[in-house]
Amino acid sequence: MNLFLYIIFGWITALASCGNDPVDENGGGGSQPPEPEERGDVTLLVTTNNRSLDLAKRAVDFSEKSNMSPSTITLDPSTRYQEMDGFGAAVTGSSCFNLLQMTQADRTAFLKETFDPKDGLGFSYIRISIGCSDFSLSEYTCCDTPGIENFALQSEELNYVIPVLKEILAINPSIHIMGSPWTCPKWMKVNNLNDLQPFDSWTSGQLNPAYYEDYGTYFVKWIQAFEAQGIPIYSITIQNEPLNRGNSASLYMSWEEQRDFLRDALGPQMVAAGLKTKIYLFDHNYNYDNIVSQRQYPLHIYADPEASQYTVGAAYHNYGGNRSELINIHNSYPDKELVFTETSIGTWNDGRNLSTRLIEDMRDVALGTVNNWCRGVIVWNLMLDTNRGPNRDGGCQTCYGAVDINNQDFKTITRNSHYYIVGHLSAVVKPGAVRIGTTGYTDSNLMYAAFENPDKSYAFVLLNSGSEKKTLTLSDGTNHFTYEVPAGSVVSYKWNK
């Protein structure tokens, strides 16, 4: 079969098979007919901020000519930075509700496109709440009746979250799952650590030190309950946004409290239970919500050897401050890990406008955190509906998802910037990859990161934020190739040595 007929046949076959796929309302939706496969030494994924190229697959061959290009970027695998854990989004109760309104065929198509490590984008890290979050269907914990013996998974987990996680694990069995609590059970709360009066509220309050042991048991039971469902928990954070008293479900936890709880209860109980789940500190903003006593929150806990032995590192959000704080924390304790665990788009930052958000989010969230030592990048809700929900009073009612689904048909999907920035990383950078150095050409409009994957292939993710296309040459010291990078675009490259 000649090439022309092969391409036409491929398109006819694809179109014939896509009748049940989710529809795309803005040129950037759920599963789409596969493009004719392009073959070459280097595979590329290209997205422009005007959607003229939308996760488009391209390929180029290595050049057989000597490389004399002045715009050459050379990979340097001898310079090695952090190992990568993965990239993904939060699978909240709201996301799971929306996913389960889709037909099975449509949901499977979307989940394969998103999580399949071979034929999809290979999202490799997801975050779920331990109990409710501000994007749950109700307010609950797994032990709302006083007494830790009353711990049990609840209907939202059993009927929504766990079924979706099982479908994702069937597609990508090696995906990493992180759990984060928004609040402890209300019966464990007090108004403050001086009066120690009961605090019957989902919002704010502090953990009563008298219940440290019970709350440590709560974490252990939660991890074990998910493992009993066939869902391994790779990591946890001790408290989502511990300095935020105002979320619809929240708990204030100073670094002193987190240190004591980790050192005296959670850490020893995790070890005694034989759990290998990673424990991360903090899980909040770069600027520590401008609370002077809480600045550099994780460093205070690292300084306590008894507490520090139980934690691998710290997690950050970007709702306040600058990502340069990641460098400060890394330089203080370079043996500790960093992960980026939450960011949002919404009505306040023109979140559905890809022309601006693709570039800003790629710069600030994706490449910006990876180049500042983060091992993982997780954005907020994987999927919300076109009314930015389901959501609850007191939570974010102006947030968009990484994708939005039309709640009139639960079929029509719009991809937003967060889906693209995660997908461009996860498609070519696999868990266990190591970020490596580069030398050569630089430009103020270019931002990039290079990696060596566990299978020894190379990955390179590039942002061109400029209004002009750029012809760049990439070299690994043995092979080189040239590609014209469109203006306002993200390009992901992968090739074997």
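Numbering of residues begins at 1 and proceeds along the displayed sequence.
A donor-acceptor pair shorter than 3.5 Å cannot be found between the side chains of N67 and S69. Between the side chains of Y483 and T471, not a single donor N or O lies within less than 3.5 Å of an accepting N or O. Counted by atom type alone, E156 and S136 present one or more donor-acceptor pairs between their side chains at under 3.5 Å. Side-chain atoms of Y280 and E337 include a donor-acceptor pair closer than 3.5 Å. For the residue pair T47/D54, the side-chain donor-acceptor check at 3.5 Å is not satisfied. In summary, the side chains of N98 and S95 do not present any donor paired with an acceptor at a separation below 3.5 Å, with no hydrogens or angles considered. Side chain to side chain, T343 and N318 meet the donor-acceptor criterion of an N or O pair below 3.5 Å. Donor-acceptor pairing under 3.5 Å is lacking for the side chains of T341 and R127. When only modelled atom types and interatomic distance are considered, T473 and H480 share no side-chain donor-acceptor pair under 3.5 Å. T414 and Y400 form no side-chain donor-acceptor contact under 3.5 Å, judged by distance and modelled atom types alone. Side-chain atoms of D304 and S308 include no donor-acceptor pair closer than 3.5 Å. Inspection of the D283 and H317 side chains reveals an N or O donor paired with an N or O acceptor under 3.5 Å. Side-chain polar atoms of T92 and S94 form no donor-acceptor pair below 3.5 angstrom. D61 and S63 share no side-chain donor-acceptor pair at under 3.5 Å. Between the side chains of Y234 and D85, a donor-acceptor pair is found at a separation under 3.5 Å.
Under a 4.0 Å N-O distance rule, the pair K470/E484 does not qualify as a salt bridge. Between K112 and D119 there is no salt bridge, since none of the side-chain N atoms of the basic residue sits less than 4.0 Å from a carboxylate O of the acidic one. The pair R363-E360 does not meet the salt-bridge criterion, since no charged nitrogen lies less than 4.0 angstrom from a carboxylate oxygen. By the 4.0 Å N-to-carboxylate-O rule, R415 lies close enough to E113 to be salt-bridged with it. Under the 4.0 Å criterion applied to side-chain N and carboxylate O atoms, K497 and D476 are not assigned as salt-bridge partners.
For the pair L367 and V461, the minimum side-chain heavy-atom distance is below 4.5 Å. Residues T114 and Y419 are in side-chain contact: their nearest non-hydrogen atoms beyond the backbone lie under 4.5 Å apart. In this structure, Y316 and N285 have side chains that are not in contact, with every pair of non-hydrogen atoms separated by 4.5 Å or more. Using a 4.5 Å heavy-atom cutoff, the side chains of Y420 and M362 are not in contact. Side-chain contact check for E452 versus R80: some heavy-atom pair is nearer than 4.5 Å. At a threshold of 4.5 Å between non-hydrogen side-chain atoms, the residues C374 and V339 do not count as touching. Q294 is not listed as a side-chain neighbour of D289, based on a closest heavy-atom distance of 4.5 Å or more. Looking at heavy atoms from C-beta onward, Y160 lies in side-chain contact with F97 at the 4.5 angstrom threshold.
Looking at N372, its side chain does come within 3.5 Å of a backbone N or O of R323 through a donor-acceptor pair. A distance-only check finds a donor-acceptor pair linking the side chain of S492 to the backbone of H424 [under 3.5 Å]. Between the side chain of D134 and the main chain of G395, no donor-acceptor pair closer than 3.5 Å is present. Side-chain atoms of S457 do not come within 3.5 Å of backbone N or O of N453 as any donor-acceptor pair. One N or O on the side chain of D404 and one on the backbone of G401 form a donor-acceptor pair closer than 3.5 Å. Between the T48 side chain and the L53 main chain, a donor and an acceptor come within less than 3.5 Å of each other. For T79 (side chain) and I436 (main-chain N/O), no donor-acceptor pair under 3.5 Å exists by modelled atom type. The closest donor-acceptor contact from the side chain of Q82 to the backbone of V370 lies under 3.5 Å. Looking only at distances, a side-chain donor or acceptor of K430 sits under 3.5 Å from a matching main-chain atom of A427. Proximity of a side-chain donor or acceptor of N49 to a complementary backbone N or O of T356 within less than 3.5 Å is not detected.
How far OG of S475 is from CZ of F481: 9.0 Å, rounded to the nearest 0.5 Å. How far CG of L299 is from CD1 of I329: 3.5 Å, rounded to the nearest 0.5 Å. Rounded to the nearest 0.5 Å, atoms CD (Q309) and CD1 (I279) are 10.5 Å apart. Of the inter-residue distances, the one linking F115 atom CZ with S124 atom OG reads 9.5 Å to the nearest 0.5 angstrom. For the atom pair CD1 of I421 and OG1 of T369, the computed distance is 8.0 Å after rounding to the nearest 0.5 Å.
Dense packing is recorded around CD of E83, with more than 12 heavy atoms of other residues, nucleotides or ligands lying under 6.0 Å away. Residue-environment remark: CD (Q104) exceeds the threshold of 12 foreign heavy atoms within 6.0 Å.
Each of L165, V164, I378, L382 was compared with I126 under the side chain to side chain contact (heavy atoms under 4.5 Å, CB included) criterion, and only L165 meets it. When the options V490, L44, N464, L446 are evaluated for a side chain to side chain contact (heavy atoms under 4.5 Å, CB included) with V485, the one that passes is N464.
You'll find the ring centres of W495 and Y458 inside the 6.0 Å limit. Remark: aromatic rings of Y333 and Y302 are close, center separation under 6.0 Å. When ring centroids are compared, Y288 and F282 come within the 6.0 Å threshold. Checked against the 6.0 Å centroid criterion, the rings of Y218 and W222 do not qualify as a close aromatic pair. Ring centroid separation for the pair Y493 and Y448 does not come in under the 6.0 Å cut-off.
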Item to complete: Tell me, with the steps shown, if V312 and K336 meet side chain to side chain contact (heavy atoms under 4.5 Å, CB included).
Response: CA-CA 6 Å; V312 297; K336 293 296 190 183; 6.0 Å; no
Discussion item. For a side chain to side chain contact (heavy atoms under 4.5 Å, CB included) check, start with the C-alpha distance between N496 and K456, then their side-chain angles and the critical distance, and finish with the verdict.
Written reply: CA-CA 7 Å; N496 294 318; K456 302 304 180 183; over 6 Å; no
Worksheet item: Does the pair E241 and Y319 meet the rule for a side-chain hydrogen bond (donor to acceptor under 3.5 Å, both in side chains), with working shown?
Response: CA-CA 10 Å; E241 298 187 352; Y319 303 121; 5.1 Å; no
Fill in: Stepwise side chain to side chain contact (heavy atoms under 4.5 Å, CB included) test for T438 and F460
CA-CA 10 Å; T438 58; F460 190 86; 4.2 Å; yes
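L425 and A366 make their closest contact through CD1-CB, 3.7 Å (heavy atoms, listed as atom of the first residue, atom of the second, distance). The two residues N349 and S344 come nearest to each other via the heavy atoms ND2-O, 3.6 Å.
Relative to the six-membered ring of W373, R435 meets both conditions, a distance below 6.0 Å and an angle of at most 45° to the axis.
Taking the side chain to side chain donor-acceptor pair (under 3.5 Å) definition, one finds that H176 meets it with nothing, sequence neighbours left out.
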